[in-house]
Amino acid sequence: MLRIENMSVAYGHHRALDNVSMKVDSGEIVVVLGANGAGKSTLLKAIGGMIPAGNGFKASINGLQIQNKKPHTIVEAGIALVPEGRGVFGELSVGENLKLGANPKRARKHENKNLKTVFDLFPVLARRKNQLVRTMSGGEQQMVAIGRAIMSQPDIMMFDEPSLGLSPLLTTEVFKVLTLLKKTGVGILLVEQNARQSLAIADRGYLLENGHIGQSGLARDLIEDEAVRKAYLGG
Ligand code: ATP
C-alpha cells in the first residue's frame with residue numbers, strides 16, 4: 001500500500017501542494033481529479049522523488065518509508081511513474097526502451113515474465129520490437145511508456161494524464177489496460193482531466209483543488225455528486 005501524509009510542495013513562494021494525504025491499496029485504482037495547475041503532476045513527481053517536498057511529510061510503500069529518497073530508490077521500493085509526455089527514448093527501439101525499464105534490481109529476475117505481460121497487453125509492441133520509438137504514433141509511444149513502467153515490477157503505478165493527446169478509441173484502450181493491471185494486484189494512482197472515463201474505472205477518487213484535497217470518496221459516489229458533476233463532468 002502507498003501512503004502519503006501531509007505532503008506539501010512549494011515552487012519558490014508558490015505553494016503547489018498543501019498538506020496532501022492519501023492512500024492507494026494494492027489492486028485498486030485511485031483517481032486524482034483537478035483542473036489545470038491544481039498540482040496533479042507535482043503530486044506524482046514529489047511521490048516519485050523527482051522534486052522535494054517540505055519537511056514533516058511521510059510517504060511509505062508497504063510500510064517502507066520513502067520520503068526524501070532518490071527516484072531510483074523509490075523505483076526499487078516498487079513505485080513506477082508513467083510521466084506526462086511519456087518520457088520515452090525516441091532514438092532507442094521499443095525493445096531497448098522496455099529493457100531499460102527492467103534495470104532496477106527488483107525487476108531483473110522477472111524480465112521475461114514482465115516482457116510477456118507487456119506484449120500480451122500491447123501486441124503491437126511485440127510486432128514493432130525493433131522500431132525506433134520516435135517514429136511511432138503518440139498512442140504507441142504511450143504503450144511503450146506504460147510497458148517500460150510494467151518492466152520495473154511495480155507494486156504501485158502512477159499515471160500522469162495517460163489519455164492526453166490520444167484519440168477516444170485509444171483512450172478507451174489505455175483505460176482498459178489500467179483495469180487489467182489492477183486485476184494483477186498492482187495499485188494504480190491515476191491523475192486525469194478526463195473525469196468521466198477515469199471515475200468509471202476507478203474505485204476511489206480525490207479532488208485536488210489549488211494544491212489541497214477537497215472531496216474524496218468512492219468513485220461511484222463522486223460520479224453522482226452534484227458539485228463533482230458541475231465541476232468535472234459538465235453538469
Ligand atoms: P496540468 O493538468 O495543467 O498539467 P497540474 O495539476 O498537473 O496541471 P502542476 O503541473 O502540478 O499542475 O502545477 C501546479 C502549480 O505549480 C501550477 O500553478 C504550476 O504553474 C506550478 N509549477 C509547476 N512546476 C513548476 C516549476 N518548476 N516552477 C514554478 N512553478 C511550477
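For ligands, and for the atoms within them, numbers begin at 1 and follow the listed sequence. In what follows, every heavy atom counts, from backbone to side chain, and hydrogens, waters and symmetry copies are set aside. Predicted, not measured: the structure shown is a model, and the values here were computed from it.
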key: Heavy-atom nearest option to atom 4 (O) of ligand 1, drawn from His14, Lys40, Gln193, Glu84   = Glu84
Should the pair [X]-[Y] be classified as a salt bridge under the 4.0 Å nitrogen-to-oxygen rule?
{"X": "Asp225", "Y": "Arg229", "result": "no"}
{"X": "Glu192", "Y": "Lys40", "result": "no"}
{"X": "Glu28", "Y": "Lys182", "result": "no"}

task = Consider ligand 1: state whether an atom of it lies below 4.0 angstrom from any non-hydrogen atom of Ala35.
result = yes
task = Tell me, please: is Gly34 in heavy-atom contact with ligand 1, that is, under 4.0 Å?
result = no
What's the shortest distance from [atom] to any protein heavy atom, and which residue and atom give it?
{"atom": "atom 31 (C) of ligand 1", "result": "Tyr11 CD1, 3.2 Å"}
{"atom": "atom 17 (C) of ligand 1", "result": "Gly37 O, 3.7 Å"}
{"atom": "atom 9 (P) of ligand 1", "result": "Thr42 OG1, 3.5 Å"}
{"atom": "atom 10 (O) of ligand 1", "result": "Ser41 CB, 3.7 Å"}

Residue Asn36 vicinity, atoms of ligand 1 by number, heavy atom under 4.0 Å = 1 (P), 2 (O), 3 (O), 8 (O)
For Glu161, atoms of ligand 1 separated by under 4.0 Å from a heavy atom = 2 (O)
ask   = Under 3.5 Å, is there a donor-acceptor pair between the Ser41 and Asp160 side chains?
value = yes
ask   = Is the closest side-chain donor-acceptor distance between Gln197 and Ser163 under 3.5 Å?
value = no
Close side-chain approach of Ile188 to Val24, heavy-atom, < 4.5 Å = no
ask   = If we only count heavy atoms from C-beta on, is the Thr42 to Tyr11 side-chain gap below 4.5 Å?
value = yes
message = Geometry only, no angles: is Ala38 polar-contacting ligand 1 at N/O separations under 3.5 Å?
response = yes
ask   = Has ligand 1 got any nitrogen or oxygen that is less than 3.5 angstrom from a nitrogen or oxygen of Leu43?
value = no
ask   = Any non-hydrogen protein atom below 4.0 Å of atom 21 (C) of ligand 1?
value = yes
Pairs under 3.5 angstrom only: tabulate donor-acceptor contacts from the side chains of residues 144-156 to other protein residues two or more places apart or in another chain.
residue	atom	partner	partner atom	Å
Arg148	NH1	Gly87	O	3.0
Arg148	NH2	Gly87	O	3.0
Ser152	OG	Ala149	O	2.8
Gln153	OE1	Lys113	NZ	3.2
Gln153	OE1	Asn114	ND2	3.0
Asp155	OD2	Asn62	ND2	3.2
Asp155	OD2	Arg106	NH2	3.4

